[in-house]
Amino acid sequence: MKVLLQILKWLGIVLGSLIVIIVILVFARRNRTFDAPFPNIKASTDSAVIARGKYLAYGPAHCAGCHCGMADTAAMFRGEVVDLKGGREFILPFGVVRTRNITNDKETGIGRLSDQEIARTLRYGVGSDGRAIFDFMNFYDASDEDLTAIISYLRSTTPVKNSVANHEFNFIGDAIKAFVIKPMGSTTATRSLSNIPDTTAKYGEYLANNVANCRGCHTDRDLKTGGYIGEYYSGGFMMPSETDPAFTYVSRNLTPDKETGHLVNWNFEQFYNRFHSGAQTDGSSMPWMMFKQMSENDLKAIWNYLHTLKPVKKDVGPVRIPTQK
Ligand code: HEC
Ligand code: HEC
């Protein structure tokens, strides 16, 4: 009996110390910083470049879908050109993340950042303060031309003063920052595909993977790390409804599998019309209203690309299900 108590006592001390060490490590490491190169990007005042940037920001790259103000969410979903003043909240299991003000305001927006700092955030996922930023923005392999266009557009917008509250993390969030998230960084060599804005599957691949983030939502992922756990484009990624957290949306299988592929019975006209209607599925995170702005050319390219994918048999079930706790 005495021996058992001794063992328990030591076990308690060891466990207790481990917990203390973990807590100390989490607090020491949660604001760790990373290095990444500064891309050689410089904003332009060319009106064609700015127009391309605006098209991307309110269309395929859907910056506005996330960087509008909280109170402008409804206007954004109606397709209005809302200010990119930030503050839209994402309530996640590990905390509340708020989008930043990306208007050109010198105090509260990107007016305080250089073109290269903004480009580094978009390409390498390293914030201006060196933190690894959460993997919301999948523009790591957007081309130099497109990053230039987007930043040129942001520089051309009216500065809006709006200081967004900081993110709030619980202990799990701090632990993720301390040990899990790393800058995602540029991963593939497909950037150059943007130089051919035609309807080919190649350009579609560029848009779908590097700009519009179709892959990021239509592939199952681990919510804690952001890592992919399903086969690309086979769907099944669960996203809590933005209007009613009791429900969750399940992204569709977009691969051309004959039985389970969502698009097998669609023709291009239906695909185009679905996008062109812009009809927002209430509470779904797919920014239909932004994608509505996409040109017929770009939709055709994406359509062609989706049809070159390897068919993956995966029945993702109903589109809207009760949120699993
Ligand atoms: C899916 C939502 C989403 C989309 C789309 C999105 N962002 Fe973000 N953005 C965020 C979130 C969330 C943060 C804060 C991340 C963090 O701090 O970890 C952020 C942060 C930023 C920052 C860092 C600002 C700073 O103060 O350092 C910049 C710059 C930025 N976004 C620009 C853009 C641009 C440009 C686009 C479109 C090309 C875009 N974002 C699209 C969600 C999004
Ligand atoms: C932020 C996450 C997200 C992004 C980005 C996204 N989707 Fe979706 N998508 C969803 C979800 C969730 C659904 C199911 C709910 C709905 O219809 O909105 C969906 C549904 C669909 C549907 C079925 C619509 C219907 O009416 O049956 C198609 C087609 C589709 N997405 C294609 C795409 C393409 C192509 C892209 C890239 C241009 C894309 N999605 C980007 C999350 C996303």
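Keep in mind the model is a prediction, meaning the values are calculated, not measured. In each ligand, atom 1 is the first atom listed, and ligand 1 is the first ligand listed.
Judged by distance alone, with hydrogens and angles left aside, the side-chain atoms of Q280 form a donor-acceptor pair with the main-chain N or O of M286 at under 3.5 Å. Side-chain N or O atoms of R88 include none that pairs as donor or acceptor with a backbone N or O of R98 at under 3.5 Å.
Close contacts of ligand 1 with F136, meaning ligand atoms under 4.0 Å from a residue heavy atom, involve 1 (C), 12 (C), 42 (C). Residue R252 approaches ligand 2 through these ligand atoms, each under 4.0 Å from one of its heavy atoms: 20 (C), 23 (C). The ligand atoms of ligand 2 that sit less than 4.0 angstrom from a heavy atom of M239 are 2 (C), 12 (C), 42 (C). Of all atoms in ligand 2, numbered sequentially from 1 with element shown, those under 4.0 Å from a heavy atom of Y249 are 12 (C), 15 (C). Heavy-atom proximity to V319, at under 4.0 Å, picks out these atoms of ligand 2: 14 (C), 15 (C).
Contacts of R320 with ligand 2, taken as heavy-atom pairs under 4.0 Å, are absent altogether. With a 4.0 Å heavy-atom cut-off, ligand 2 is reached by no atom of Y233. With a 4.0 Å cut-off on non-hydrogen atoms, H62 touches ligand 1 through its backbone as well as its side chain. Contact annotation: for W288 versus ligand 2, heavy atoms closer than 4.0 Å belong to the side chain alone. Under 4.0 angstrom from ligand 2, the non-hydrogen atoms of S284 all belong to its side chain. Contact annotation for V97 and ligand 1: only side-chain heavy atoms (C-beta onward) come within less than 4.0 Å of the ligand.
A salt bridge between E231 and K314 is absent, with no side-chain N of the basic residue lying under 4.0 Å from a carboxylate O of the acidic one. Comment: E107 does not engage R112 in a salt bridge, judged by the lack of any side-chain N to carboxylate O separation of less than 4.0 angstrom. Using a 4.0 Å cut-off between charged nitrogen and carboxylate oxygen, R221 and D135 count as a salt-bridge pair. The existence of a salt bridge linking E205 and K202 is confirmed by a sub-4.0 Å separation between a basic side-chain nitrogen and an acidic carboxylate oxygen. Between D282 and R320 there is no salt bridge, since no side-chain nitrogen of the basic residue lies less than 4.0 Å from a carboxylate oxygen of the acidic one. Using a cut-off of 4.0 Å between Lys/Arg side-chain N and Asp/Glu carboxylate O, K313 and D257 are scored as salt-bridged.
When the options C66, G125, A212 are ranked by their closest heavy atom to atom 2 (C) of ligand 1, first place goes to C66. Looking at R88, R112, E89, H167, it is H167 that brings a heavy atom closest to atom 14 (C) of ligand 1. Of the candidates C63, A61, A119, it is C63 that places a heavy atom closest to atom 38 (C) of ligand 1. The option with the heavy atom closest to atom 5 (C) of ligand 2, from among V211, L207, N213, is N213. Evaluated by nearest non-hydrogen atom to atom 24 (C) of ligand 1, the leading choice among R98, H67, K177, R100 is R100.
Polar contact check, S285 against ligand 2: no nitrogen or oxygen pair lies under 3.5 Å apart. Inclusion of W266 in the set of residues having an N or O under 3.5 Å from an N or O of ligand 2 is not warranted.
With no hydrogens or angles considered, a side-chain donor-acceptor pair links N253 and T255 at under 3.5 Å. Between the side chains of D244 and S241, not a single donor N or O lies within less than 3.5 Å of an accepting N or O. If you check the side chains of Y124 and D35, you find no donor sitting under 3.5 Å from an acceptor. Side-chain contact of N267 with Y272: a donor-acceptor pair under 3.5 Å is absent, judged by distance alone. For the residue pair N101/T103, the side-chain donor-acceptor check at 3.5 Å is satisfied. Residues D222 and Y228 bring no donor and acceptor atom of their side chains to less than 3.5 Å of each other. In this model, no donor atom of one side chain and acceptor atom of the other lie less than 3.5 Å apart for N210 and D141.
Residue F275 is tested with F268, W266, W288 for a ring-ring contact (aromatic ring centres under 6.0 Å, His included); the sole match is W288. Partner of D115 under the side chain to side chain donor-acceptor pair (under 3.5 Å) criterion, chosen from K42, R155, R120: R155.
Looking from atom 26 (O) of ligand 2 to the surrounding protein, the closest heavy atom is R274 NE, 2.9 Å. The protein heavy-atom contact nearest to atom 17 (O) of ligand 2 is T281 OG1, 3.3 Å. From the protein, the heavy atom lying nearest to atom 43 (C) of ligand 2 is C217 CB, 3.3 Å. Nearest protein heavy-atom neighbour of atom 27 (O) of ligand 2: H262 NE2, 2.7 Å. Taking atom 13 (C) of ligand 1 as the reference point, the nearest protein heavy-atom neighbour is T99 CA, 4.2 Å. What sits closest to atom 35 (C) of ligand 1 on the protein, heavy atoms only, is I150 CG2, 3.6 Å. Considering only non-hydrogen protein atoms, atom 6 (C) of ligand 1 sits nearest to M137 CG, 3.4 Å. Among all non-hydrogen protein atoms, the one lying nearest atom 28 (C) of ligand 1 is I102 CG2, 3.7 Å. C214 SG, 1.8 Å is the protein heavy atom nearest to atom 37 (C) of ligand 2. In terms of protein heavy-atom proximity, atom 18 (O) of ligand 1 is nearest to F134 N, 3.0 Å.
Both tests hold for R215 against Y232: distance to the six-membered ring centre under 6.0 Å, angle to the ring axis within 45°.
Proximity of R131 to ligand 1 is established by a heavy-atom distance of less than 4.0 Å. Ligand 2 lies nowhere less than 4.0 angstrom from a heavy atom belonging to W303. Distances shorter than 4.0 angstrom occur between a heavy atom of F275 and an atom of ligand 2. Contact between L263 and ligand 2 is present, with at least one heavy atom of the residue lying under 4.0 Å from the ligand. In this structure, S128 counts as a contact residue of ligand 1, since one of its heavy atoms falls inside 4.0 Å of the ligand.
Atom 8 (Fe) of ligand 2 has H218 among its coordinating residues (N/O/S atom, backbone or side chain, under 2.8 Å). At least one N, O or S atom of M286, from either the backbone or the side chain, sits less than 2.8 Å from atom 8 (Fe) of ligand 2.
The aromatic rings of Y305 and Y233 sit perpendicular to each other, their planes meeting at more than 60°, with 30° as the lower class boundary.
Atom CD1 of I102 is separated from atom CG of L84 by 4.5 Å, given to the nearest 0.5 angstrom.
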